[in-house]
Amino acid sequence: MDPKQAHPETVSAQALGWIDERTRAVTPPIHVSSTYLRDTDNQYRSGRIYARADNPAFDQPEAVLCALEEGAQALLFASGMAAATAVFQALAPGDHVLAPKVMYWSLRNWLTTFATGWGLQVELIDMSDPAAVQAAVRPGQTKLVWVETPANPLWTVTDIAATAQIAHAAGALLAVDSTVPTPVLTRPLALGADIVMHAATKYLNGHSDLIAGALVTRRDSEYWQRVRKVRAQLGGTLGSFEAWLLLRGMRTLHLRVRAACASAQRIAEHFAAHARVAEVLYPGLPGCQGHEIAKAQMSGGYGGMLSIRVAANKDGCEAAAIAAAAHVELWKRATSLGGTESLIEHRASVEGAGTPAPPDLLRLSVGIEHVDDLIEDLEQALQHAHA
Ligand SMILES: *Cc1c(COP(=O)(O)O)cnc(C)c1O
């Protein structure tokens with residue numbers, strides 16, 4: 001059986017089944033060379049010249065990502081932000097782009113400061129409403145529509161297929177930040193997206209021990225070659241050791257994501273009608289925004305990310321949320337997501353002015369611990385916050 005035709009679980013568990021041809025090792029070596037030998041006739045038949053542009057350490061992880069996302073080509077980057085910003089930097093000053101009001105905070109911040117200063121016309125809209133997207137696209141002028149679904153930190157769901165149609169009708173590309181669902185739960189390219197972006201720092205690697213990013217394209221194009229050039233010239237290139245770690249992390253992607261999804265669903269249901277919780281935000285709950293779209297667009301679960309809005313104590317709702325986060329023992333009070341250990345964070349404190357995160361919101365990244373331990377720990381933390 002050709003490993004490329006196998007189920008995605010098999011693709012990632014075996015990293016496409018490659019072996020090192022010289023040594024017969026079943027895991028790849030770590031290539032660290034910064035430069036490659038030129039042939040005597042002045043050619044570079046290896047296809048590689050210098051490791052800022054290309055590195056054999058990228059071949060296997062990029063091929064695995066292509067297979068999982070059903071894409072044509074993939075590029076690893078030094079971080080999720082390096083990957084995401086390359087998508088915008090391959091455009092030209094003056095181009096109009098649409099991005100969601102509710103999205104990963106650092107990227108939103110970059111778009112409204114640096115990218116705008118560089119000349120992009122950035123418009124933030126309610127991306128979860130196709131009518132708002134339709135009203136905002138400017139045919140011929142809008143070059144890119146950026147979607148994140150489910151989106152930080154409210155887990156707003158956007159219909160990828162519907163948004164792709166609107167973007168394409170206006171002559172724009174659709175790029176999707178798919179960090180949270182991962183290819184285990186959603187495959188944006190199959191739904192019509194042109195580019196998929198991952199903060200590989202999160203679920204793809206899954207162990208909170210490296211920073212990495214990735215892009216996958218549905219097809220090669222002049223635009224994609226500009227993205228490749230942005231990586232090579234701006235130098236947001238991943239290190240060899242990180243590429244190797246990422247490949248190792250991806251071998252257990254399906255197990256980790258499925259475990260996190262199952263626990264997140266249990267936690268969401270447990271706290272949905274809880275006296276100390278005002279609201280649970282999770283696309284897996286029937287009452288939540290976008291549940292029906294998520295049901296159709298995601299398969300096998302609704303992701304490992306949710307937020308709870310803590311009910312007010314005598315000092316108010318923000319104080320109650322911060323107090324609850326202060327009293328967790330198993331959950332780790334830290335930013336980031338997608339690791340084996342569960343994380344909790346008061347997002348409004350991180351994002352500051354202009355945040356869409358309400359002051360009572362705690363963002364939860366559910367790991368792969370026993371779900372009963374996670375629920376018990378949150379229960380006692382909430383009890384302390386309301387004591
Ligand atoms: C973390 C994250 C990013 C940025 O990735 P880095 O690796 O931290 O640069 C982008 N989008 C989402 C949804 C993220 O969670």
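Just follow the structure's listing: the first ligand is 1, and inside any ligand the first atom is 1. Counting from 1, the numbers follow the sequence of the chain as shown. Because the structure is predicted, anything quoted here is derived from the model rather than measured.
Between the side chain of Ser178 and the main chain of Glu148, no donor-acceptor pair closer than 3.5 Å is present. Ser307 places a side-chain N or O within 3.5 Å of a backbone atom of Pro153 that can act as its donor or acceptor partner.
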Inventory of protein N or O atoms under 3.5 Å from ligand 1 N or O:
from: ligand 1; atom 1: 7 (O); to: Gly80; atom 2: N; distance (Å): 2.8
from: ligand 1; atom 1: 7 (O); to: Thr201; atom 2: OG1; distance (Å): 2.6
from: ligand 1; atom 1: 9 (O); to: Gly80; atom 2: N; distance (Å): 3.1
from: ligand 1; atom 1: 9 (O); to: Met81; atom 2: N; distance (Å): 2.8
from: ligand 1; atom 1: 11 (N); to: Asp177; atom 2: OD2; distance (Å): 2.7
from: ligand 1; atom 1: 15 (O); to: Lys202; atom 2: NZ; distance (Å): 2.7

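Under the 4.5 Å side-chain heavy-atom criterion for grouping Ile, Leu, Val, Met, Phe, Trp and Tyr, Trp105 is not connected to Ile125 through any hydrophobic cluster.
Under the 6.0 Å cut-off for aromatic ring centres, Phe88 and Trp118 do not qualify, their centroids lying 6.0 Å or more apart.
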Quick one: side chains of residues 156-166, donor-acceptor pairs under 3.5 Å with protein atoms, not counting sequence neighbours, listed by atom name and distance.
from: Asp159; atom 1: OD1; to: Ala161; atom 2: N; distance (Å): 3.2
from: Asp159; atom 1: OD1; to: Ala162; atom 2: N; distance (Å): 3.1
from: Thr163; atom 1: OG1; to: Asp159; atom 2: O; distance (Å): 2.6

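In this structure, Asp54 and Arg231 have side chains that are in contact, with non-hydrogen atoms separated by less than 4.5 Å.
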